[in-house]
Amino acid sequence: MLEAANCHEAFKQINDPLDLALIDYQLPDGDGFDVLKALREAKPELPVIMITAYSTESLAIKALRSGVTDYLKKPFTFAYLTGRLSELLEGKKNGDMPEGGGSREMFIMDCIAALIENNYTKDLTRDELAERARMDKHKFSKAFNGRFGQGLKSYVNSIRTRKAAEMLRNQELSVAEVAFSVGYGSVPHFCRVFKETYGLPPEEYRKRGLFI
């Protein structure tokens, strides 16, 4: 087992034989993403776990985008850590363990949800998100449905219509402007989806003042 107390020491060991890397996000002379970047360049397929005491949405998204295999929030027990290591190295399933914020799959789905929330106006496809999650599209769909109780299309529509309902407060915005602002390319399509969600077309919803 190799150990490094800082980025400088870690960089010296990048090309040594490694089966898995545990990286702390906060290091004395940098952060774990500096080490992660170097590892990904030298060993693209190496499993990497990021450990942090700071668990924010933006940090989790950055970790996923940077190619982290798993992401653990401190504190956690040694038994929990060894369970995660077994899952990665031996293919064992330890997703039922409740510590540390849930299973790796749950973490990935929550990162994907945050990614969608930040990019809901874009046409994010299942294939694109599955690739980001490093899953095949069928496993991704199953995991997404299991986590959120609905498919990707319905989930995105729920975010868009919620944002649209907020925007309808602004009387200066037309329904068309609201539709395009939340990511719909067709006003009739937007009105249909909005009515399915709220029971009223957007203009009627606005007239009645039924703002969320």
Side-chain angles (χ1 to χ4, degrees), residues 25 33 36 50 52 54-73 95 98 100-212:
Y25 166 65
F33 287 105
L36 175 63
M50 180 76 74
T52 178
Y54 307 94
S55 183
T56 64
E57 179 181 288
S58 59
L59 185 60
I61 293 172
K62 183 178 180 180
L64 184 62
R65 286 176 173 172
S66 300
V68 165
T69 312
D70 207 346
Y71 176 91
L72 302 182
K73 182 185 177 184
S103 70
R104 174 173 175 264
E105 193 171 271
M106 185 183 296
F107 153 67
I108 291 174
M109 289 302 104
D110 287 347
C111 285
I112 291 295
L115 185 65
I116 294 171
E117 184 77 28
N118 290 336
N119 297 275
Y120 67 90
T121 61
K122 300 177 181 177
D123 291 325
L124 297 172
T125 66
R126 180 185 64 165
D127 289 355
E128 178 185 353
L129 293 176
E131 184 178 351
R132 285 177 178 267
R134 296 195 169 189
M135 295 179 174
D136 67 62
K137 59 185 179 182
H138 301 295
K139 182 178 181 181
F140 173 83
S141 293
K142 183 178 180 181
F144 193 93
N145 276 271
R147 179 64 173 146
F148 302 111
Q150 58 185 320
L152 175 62
K153 184 177 179 180
S154 296
Y155 188 86
V156 172
N157 279 332
S158 68
I159 295 176
R160 287 178 171 179
T161 53
R162 171 165 52 85
K163 299 291 185 180
E166 295 171 358
M167 293 181 69
L168 287 169
R169 291 175 180 270
N170 187 344
Q171 300 290 333
E172 295 182 1
L173 293 175
S174 68
V175 170
E177 287 174 319
V178 171
F180 298 140
S181 294
V182 298
Y184 290 100
S186 163
V187 176
H189 180 214
F190 163 67
C191 292
R192 182 170 63 255
V193 174
F194 190 94
K195 185 176 181 180
E196 288 173 356
T197 303
Y198 291 100
L200 294 168
E203 196 60 58
E204 185 65 25
Y205 183 89
R206 168 184 272 168
K207 288 179 180 178
R208 296 193 185 187
L210 301 175
F211 302 116
I212 58 174

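Note that the coordinates shown come from a computational prediction; the quantities given were computed from them, not determined experimentally.
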Subject >> side-chain hydrogen bond (donor to acceptor under 3.5 Å, both in side chains) partners for Asn119, two or more places apart >> reply: Lys122
Original post:
Quick one: side-chain hydrogen bond (donor to acceptor under 3.5 Å, both in side chains) partners of Tyr184, sequence neighbours excluded?
Top reply: Asn157
Original post:
Taking atom OG1 of Thr161 and atom CD of Glu166, what is their separation to the nearest 0.5 Å?
Top reply: 10.0 Å
**OP:** Output the distance between atom CG (Leu168) and atom OH (Tyr205), rounded to the nearest 0.5 Å.
**Re:** 7.5 Å
Subject >> Minimum heavy-atom distance Glu203-Val175, with the two atoms named >> reply: OE1-CG2, 3.2 Å
Original post:
Among all residues two or more places apart in sequence or in another chain, which pass the side-chain contact (heavy atoms from CB on, under 4.5 Å) test with Glu131?
Top reply: none
Subject >> Inter-residue atom distance Tyr155.OH - Asn145.CG, 0.5 Å rounding >> reply: 12.5 Å
Original post:
With Ser141, which residues qualify under side-chain hydrogen bond (donor to acceptor under 3.5 Å, both in side chains), at least two apart?
Top reply: Arg126
Tabulate below the donor-acceptor pairs under 3.5 Å that side-chain atoms of residues 189-197 make, not counting sequence neighbours, or state none.
unit_1 : atom_1 : unit_2 : atom_2 : d
Thr197 : OG1    : Val193 : O      : 3.0

Original post:
What pairs meet the ring-ring contact (aromatic ring centres under 6.0 Å, His included) rule with one or both residues in residues 115-140, with sequence neighbours excluded?
Top reply: Phe140-Phe144
Subject >> Nearest atoms (heavy-atom pairs only) where Val182 meets Lys163 >> reply: CG1-CB, 3.9 Å
Subject >> Set of residues satisfying side-chain contact (heavy atoms from CB on, under 4.5 Å) with respect to Ser154, sequence neighbours excluded >> reply: Gln150
**OP:** Please collect all salt bridge (charged side-chain N to carboxylate O under 4.0 Å, His left out) contacts where either partner lies in residues 141-161, sequence neighbours excluded, each pair once.
**Re:** Asp110-Arg147, Asp123-Arg160
Original post:
If you round to the nearest 0.5 Å, how far is CG of Leu129 from CD1 of Ile116?
Top reply: 5.0 Å
Original post:
Looking only at heavy atoms, what is the nearest atom pair of Ala165 and Tyr198, with distance?
Top reply: CB-OH, 3.8 Å
Original post:
How long is the gap from CG on Leu124 to CG on Leu152, to the nearest 0.5 Å?
Top reply: 7.5 Å
Original post:
Shortest non-hydrogen contact from Met167 to Leu173?
Top reply: CE-CD1, 3.8 Å
Original post:
Does Ser174 have any side-chain contact (heavy atoms from CB on, under 4.5 Å) partners at least two apart in sequence or in another chain, and if so, which?
Top reply: Ala176, Glu177
Original post:
What's the spacing between Arg132 CZ and Leu115 CG if we round to 0.5 Å?
Top reply: 5.0 Å
Original post:
Does some side-chain heavy atom of Gln171 sit less than 4.5 Å from a side-chain heavy atom of Arg206?
Top reply: yes
